[in-house]
Number of protein chains: 2
Amino acid sequence: MLTINNHPRIKSLIPQIAKKGVVIVDGIGDRKRLLLQAIVDDYIKNAEPVGSRTIVKRYELGLSSATIRNEMADLEDMGFLDKPHTSAGRIPSHLGYRYYVNSLMQRYHLSQTEIERLSSELEIQAHELKQILSTIADVVSRATNYAAVVIEPTSSDCVINDIKLVVIDSHSLLLVVVTSDGLIKSRVIKSDIPVNESIANYMTNFLCEKLKGLSRDSVTLSTLSNIHNEFPQYHELIMLIFKFLDECLKESRNEQLYLSGTINVLNYPEYNDIDKAKAFLALFDKKDILKKALEQDNNAKGVSVFIGVENNQEELKEYSLILSPYKAGEKLRGKVAIIGPTRMHYSKAIVSLEYICGKINQLFEKLF
Amino acid sequence: MLTINNHPRIKSLIPQIAKKGVVIVDGIGDRKRLLLQAIVDDYIKNAEPVGSRTIVKRYELGLSSATIRNEMADLEDMGFLDKPHTSAGRIPSHLGYRYYVNSLMQRYHLSQTEIERLSSELEIQAHELKQILSTIADVVSRATNYAAVVIEPTSSDCVINDIKLVVIDSHSLLLVVVTSDGLIKSRVIKSDIPVNESIANYMTNFLCEKLKGLSRDSVTLSTLSNIHNEFPQYHELIMLIFKFLDECLKESRNEQLYLSGTINVLNYPEYNDIDKAKAFLALFDKKDILKKALEQDNNAKGVSVFIGVENNQEELKEYSLILSPYKAGEKLRGKVAIIGPTRMHYSKAIVSLEYICGKINQLFEKLF
DNA sequence: AATTAGCACTCACAAGGAAAGAGTGCTAAC
DNA sequence: GTTAGCACTCTTTCCTTGTGAGTGCTAATT
């Protein structure tokens with residue numbers, strides 16, 4: 001990941017105290033910092049390139065437009081600003097946004113109204129995980145006005161805690177698998193050969209004995225053939241059971257994504273261009289790209305921000321992604337993400353996501 | 001529903017044989033029919049108002065543009081054509097489309113390639129209903145290039161066939177409900193009071209005895225209090241069981257919708273206007289409107305078409321909806337819909353949907 | 001009587017050009 | 001070091017004008 005802290009050009013600019021006793025907050029200079037902040041703030045708010053006179057009029061920097069122009073030219077040379085064309089104002093570059101996020105932006109404070117609204121929206125009554133997650137996606141997208149992506153919780157070291165076979169009728173069984181995640185998954189399995197309570201119970205016990213406590217990697221071939229040999233006539237059935245167990249344990253299992261608010265983005269002027277809008281919306285049909293994007297910074301404890309090219313996916317290089325993990329019980333971790341234009345209201349998005357993920361953690365703590 | 005057959009203006013125009021031995025195919029006249037067909041075909045294909053000279057050049061009607069103009073004026077008077085402005089060509093009105101769909105359009109023939117592609121895409125390996133339905137939505141949207149909506153199958157007279165409680169641990173049970181739909185639903189239920197195998201088995205038997213064969217309406221208060229009295233200390237648990245049973249049986253249960261290809265529509269010129277695109281895409285966030293739209297013509301056996309204002313939902317009056325039921329087993333019925341602009345390739349959409357639903361029925365027949 | 005040629009008229013749209021406006025960078029003065 | 005002033009650039013907007021597609025009507029033709 002490319003961040004302000006390891007980018008070669010920025011490394012030397014990290015806040016430092018000058019020797020002479022004067023606090024120079026930063027290598028790029030205090031005045032430039034204020035100016036850059038003003039420019040990014042203004043651009044985030046108004047979506048229009050910011051000119052030197054605009055700065056003079058809107059922000060009290062006590063400088064003339066000519067001075068601002070000189071400073072802007074410096075900031076452009078440093079790589080923090082871009083110019084769409086000669087006679088437009090400046091817009092922040094990816095680096096500019098990065099510097100802004102790291103050390104310029106003011107922390108957003110959620111208003112009382114916002115907090116109350118979020119709290120009440122997050123009092124989720126649903127029982128099923130998928131309903132909870134889809135509600136969370138809705139809440140995030142409404143709170144931020146960007147697209148929200150939520151991914152199902154998974155855990156890396158998942159073992160089988162319990163297996164049960166419940167007879168439904170003579171040719172169908174319900175296979176119930178309890179994993180160490182605390183998740184309970186079930187699937188109906190059809191058997192060509194008739195089944196009954198006693199064989200189901202016997203099978204249940206046998207399977208439990210052989211498989212309990214095992215992870216996906218520790219189920220060996222000998223275990224499998226052992227089980228197969230015990231039930232020679234139920235070959236088909238056993239195969240189906242293995243397949244389902246594998247799905248339950250597989251780390252890269254087909255985690256469901258929950259999306260919301262993808263069309264929010266059409267409200268932002270940068271997507272008035274129908275092709276840009278289409279490109280953005282098409283992202284959300286490509287689940288694999290989203291999943292990989294959500295895998296970024298997997299060890300982070302809190303919110304991470306990926307601005308444009310910093311993303312690990314080529315397809316996201318025009319967008320910013322704000323990512324936060326959440327915990328569902330002891331071991332399970334999922335992620336919530338916000339996707340929007342690089343011109344994003346970072347401070348509000350970050351704080352909202354922090355708040356929401358805190359609430360989610362509480363919610364799941366109660367549930368598990 | 002307003003169709004060509006009961007619309008007051010059109011009623012008199014239904015095909016009829018003239019007395020004199022000459023076959024006058026239709027009250028509006030053979031020539032006008034051909035012309036209308038040409039205009040609608042052309043407009044569906046090119047998305048541009050059709051002028052009299054265009055018709056002369058592209059279609060061999062053997063008439064001069066002046067004659068065509070006269071005929072067009074007639075068709076406009078009859079309500080089949082609209083004019084965007086004086087010097088544009090004509091476009092079909094809702095009534096024009098309706099007449100076209102009812103008696104003008106040529107049946108589309110799926111090519112060998114299309115059939116092969118559909119067949120292979122519909123060889124769905126998934127086990128879970130939701131995966132199957134979401135794949136179906138994908139197939140429909142890819143086949144037609146419009147948005148696809150699939151709704152879960154439900155049945156109106158659903159009774160409880162079986163109930164099982166499986167002990168997971170001392171405070172959780174898996175409740176399994178088998179309904180006459182052939183669906184098996186399960187949910188984990190937490191109990192404050194500890195549970196064990198024997199109480200679970202007893203409860204399972206008691207519940208089965210009291211509730212088996214009952215529909216939602218035939219579960220009476222006395223049955224409920226009967227059960228409550230039998231397990232005074234498990235009041236909470238019983239409440240949760242009832243709640244889940246109710247959900248399983250409720251006709252208007254929260255049927256899941258599966259969407260796909262909503263952004264396909266951005267490829268059509270009528271949605272180059274960002275506001276139109278937004279309005280269209282916003283539809284798919286309003287599940288209740290979609291559900292009501294899919295409830296139209298509930299008794300139809302085959303494909304139905306709703307053009308613009310014919311839809312029961314105000315929000316759909318600019319769009320056309322093509323709807324087909326599918327069967328999942330004996331009693332379960334779901335619906336598949338295509339939503340797109342009124343300028344839709346009706347013949348292809350209808351035939352594709354027919355074909356796909358046929359395949360779906362076969363698929364589910366095998367599964368149940 | 002039906003069809004068509006001819007023509008005047010309408011309207012949207014594209015191309016071209018001028019003017020306005022926002023902004024820059026440089027120089028010279030403060 | 002800061003700023004006023006100015007020439008210059010480039011986009012955007014607004015007009016104008018011309019073109020083309022299309023209509024509807026009338027009179028001539030079949």
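Source: prediction; values computed, not measured. To find a chain, count down the sequence lines: A is the first, B the second, and so on, and within it residues start at 1.
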Any luck finding a side-chain donor-acceptor pair between Ser260(B) and Asp138(B) under 3.5 Å? yes
To the nearest 0.5 angstrom, please state how far the OG1 atom of Thr342(B) sits from the CD1 atom of Ile44(B).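 Those atoms lie 9.5 Å apart.
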How many Å lie between [atom1] on [X] and [atom2] on [N], as a whole number?
X: Arg31(B); N: dT4(C); atom1: CZ; atom2: P; answer: 8 Å
X: Ile55(B); N: dT4(C); atom1: CD1; atom2: P; answer: 15 Å
X: Asn272(B); N: dC13(C); atom1: CG; atom2: C1'; answer: 16 Å
X: Asn46(B); N: dA21(D); atom1: CG; atom2: P; answer: 15 Å
X: Tyr43(B); N: dG22(D); atom1: OH; atom2: P; answer: 14 Å

Axis-to-axis angle for the helix from dA1(C)-dT30(D) to dC30(C)-dG1(D), ends of five pairs each, to 10°, equals 20°
Hey, is the main chain of Lys292(B) close enough, under 3.5 Å, to the side chain of Gln313(B) for a donor-acceptor pair?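 Not at all, since once roles are kept as given, no pair shorter than 3.5 Å links the two residues.
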Tell me whether the rings of Tyr268(B) and Tyr146(B) are parallel (<30°), tilted (30 to 60°) or perpendicular (>60°). parallel
Would you sort out whether Glu314(B) and Lys317(B) count as a salt bridge (Lys or Arg N to Asp or Glu O under 4.0 Å), showing the intermediate values? CA-CA 5 Å; Glu314(B) 177 69 12; Lys317(B) 72 173 194 295; 3.4 Å; yes
Candidate pair Asp41(A) and Tyr59(A), rule side-chain hydrogen bond (donor to acceptor under 3.5 Å, both in side chains), full reasoning: CA-CA 11 Å; Asp41(A) 276 338; Tyr59(A) 303 85; 5.9 Å; no
Letter per nucleotide, 5' to 3', of nucleotides 21-30 of chain C [B base touched, S only sugar-phosphate touched, - untouched; heavy atoms, 4.0 Å]: -BSBB-----
Between His345(B) and the options Tyr108(B), Tyr100(B), Tyr97(B), the ring pair (Phe, Tyr, Trp, His ring centres under 6.0 Å) test singles out Tyr108(B)
Salt-bridged, Lys286(A) to Glu315(A), with N to O below 4.0 Å?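 Between Glu315(A) and Lys286(A) there is no salt bridge, as every charged N stays at least 4.0 Å from the carboxylate O atoms.
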